[in-house]
Amino acid sequence: MTGIEWIKAASVLGAGLSVGFAAIGAAIGEGYTAGKANETLAFRPNLAGEILKTMLVGQAVAETAGIFGLVIAMLLLFSPMEGKSLLTAWAYLGAGLSMGLSAIGCGIGAGLPAGTACEGIGRQPKVAGQLNTLMLIGAGVAQSTAIYGFLISLLLLYKQLPMGMAIVPAFSMVGAGLCMGFGGIGPGIGEGMAAGKAVSAVARNPLTLGLMTRSMLVGQAVSESTGIYSLVVALLLLLNI
Amino acid sequence: MEIMGADIVRAFALLGAGIAMGLGAIGPGIGEGFAAGKACEAIGRSPQEAGLLTRTMLVGQAVSESTGIYSLVVALLLLFVV
Amino acid sequence: MKELGRIHQLIIPFFGHNLTFNLEVIIMTWIVMSILLVFGFLAAGKKRIIPGPIQVMGELFISQLFALTEDALDKELGKKYAPLICALFMFLLLSNWIGIIPYMHEPTKDLNTPLSLGLLGFFISHYVGIKTKGFKAYIKTYFDPFFFMMPLNVIGELAKVVSISFRLFGNIMGGSIIILVVSYLVYSVLIPPFLNVFFGIFVGAIQAFVFTMLTLVYISVQVK
């Protein structure tokens, strides 16, 4: 095999990893939302329109991380490969891992508040608008580790690499991808859990909306910090090349 | 292509740093999110105790983050010392 | 795609060292600060009983943020530190939103701005902690729960600065890069304005609020 064939093989593998792993999270999150919506509809059939709207919006947000994975897969498949160094193969593998794994958590995390928002609308139809807003804020913040994964993937994709093959930069790029990828799973799920509980608390007691938004954002911000340490370590690994 | 023994050690140290921080971030992320969720639930039940609950949540999260910080320390050691 | 790694720099030789200035960030920071100054003069210059629209906006900001600060800290400390919180929030909000305007760039997109603001919050919170609790009680918090946990407690405190500044930097930088890449992929047709609304307005406002809130929380944890 020549160099370019290795690069092609790595780009195909990276694209598969990126979109495949990203699909896991998005699918689980959307399924959870749809399940909760159905459960609520069973005893509140007259609210079908409202709940369907919330379900679709929530699923669209949970889909975002999956779309990031698709974008990275497309970039990997259609990027020019002529005259690149053999290290590019390792960079492509790292880019796929980083985006795909980090999208798992964010998909699940965005699904949790969307599900509880559907449940909450069944409980308190009058505050549907406020619940939707809180759900969007919580799910939007839960996407941030997917954004970090996307950032690391793009840095890996467009990095200027020296010609030739050396083991240290190759492993450091795969390490950066694994670091940001795995690091995105936990914070994504955790932020989603915080947002979900906050949405259900507002559905119980709508007067606490402002207080709850504040507490939710602080809790989410703190649970994101390990994801940010992963981002820092991944950036340091990329600087190392 | 010549690969020296020292290169292999350095390469695996960098890979290990990535895996250490990556896997180490999963647990604290979920745990802190769990704490934040329960704190939100509790604030919804008794909004007048919001300050106390937020402080307790932050202390609990700081403790559950400590394993994440151990991972960060190990990753930085692998990056800069080995 | 050429814009990805582009930084405008001004390098001045200074006694054998090279001082590097990031011109774009400096200019954008000054633009943000001058807009805020003009806004402040317009809002507070002619105070009237029946306020104009700009005065209403200013009063809304100030009253909300003062109430937030007094909730988190005590009444006295809250009054003292509310101006800091107000200034921080307004600066960050405008910095994150200014990237929507073409040819303008967010100053927070460069790591230097969030890191310096994070360090500012770190030093202020520890200063307040020493001042209110006394030096002995302040040092004692580091030896909780056992004395050999001291290094980890110190690392935990330093990690707060890293996490607060990299959170803002990562979100704003990631958002702007995503807008750039997607605009390039779809030849700037139809999708980029929606992305601008999401990453520019929504994420920008939330991250500005989170940064401000966390600075406030760090101060309040040190006080109590």
Euclidean distance, A:Leu236 CG relative to B:Leu76 CG, rounded to 0.5 Å:
6.5 Å
Just checking heavy atoms, which of residues 31-39 of chain B are less than 4.5 Å from chain A?
B:Glu32, B:Gly33, B:Phe34, B:Ala36, B:Gly37, B:Lys38
Counting heavy-atom pairs under 4.5 angstrom with chain B, the leader among A:Pro187, A:Gly192, A:Gly177, A:Ala170 is A:Pro187
In terms of heavy-atom contacts, A:Thr208 and B:Pro47 come closest through CG2-CG, 3.4 Å
Members of residues 96-122 of chain A whose heavy atoms come closer than 4.5 Å to chain B:
none
What closest approach, in Å, do B:Asp7 and A:Val168 show between heavy atoms, and which atom pair accounts for it?
O-CG2, 3.5 Å
Show the nearest heavy-atom pair for residues A:Ser172 and B:Leu14, with the distance to one decimal.
CB-CD1, 3.4 Å
Does a sphere of radius 6.0 Å around CD in B:Gln48 hold more than 12 heavy atoms from other residues, nucleotides or ligands, not counting ones at 6.0 Å or beyond?
yes
Between the CD1 atom in B:Ile43 and the CG atom in A:Asn205, the distance rounded to the nearest 0.5 Å is 11.5 Å
How about residues 217-234 of chain A versus chain B: which residues have heavy atoms under 4.5 Å apart?
A:Val218, A:Gly219, A:Val222, A:Ser223, A:Ser225, A:Thr226, A:Tyr229, A:Ser230, A:Val233
What parts of residues 193-201 of chain A touch chain B if we use heavy atoms and a cut-off under 4.5 Å?
A:Met193, A:Ala194, A:Lys197, A:Ala198, A:Ala201
Can you find a heavy atom in the side chain of B:Ile30 that is under 4.5 Å from one in the side chain of A:Ile185?
no
When you compare the side chain of B:Ile19 with that of A:Phe182, does any pair of heavy atoms fall below 4.5 Å?
no
First locate atom CD1 of B:Ile8, then atom CZ of A:Phe171, and finally report the distance between them rounded to the nearest 0.5 Å.
8.5 Å
Looking only at heavy atoms and a cut-off of under 4.5 Å, which of B:Met21, B:Met57, B:Arg45 has the most pairs with chain A?
B:Met21
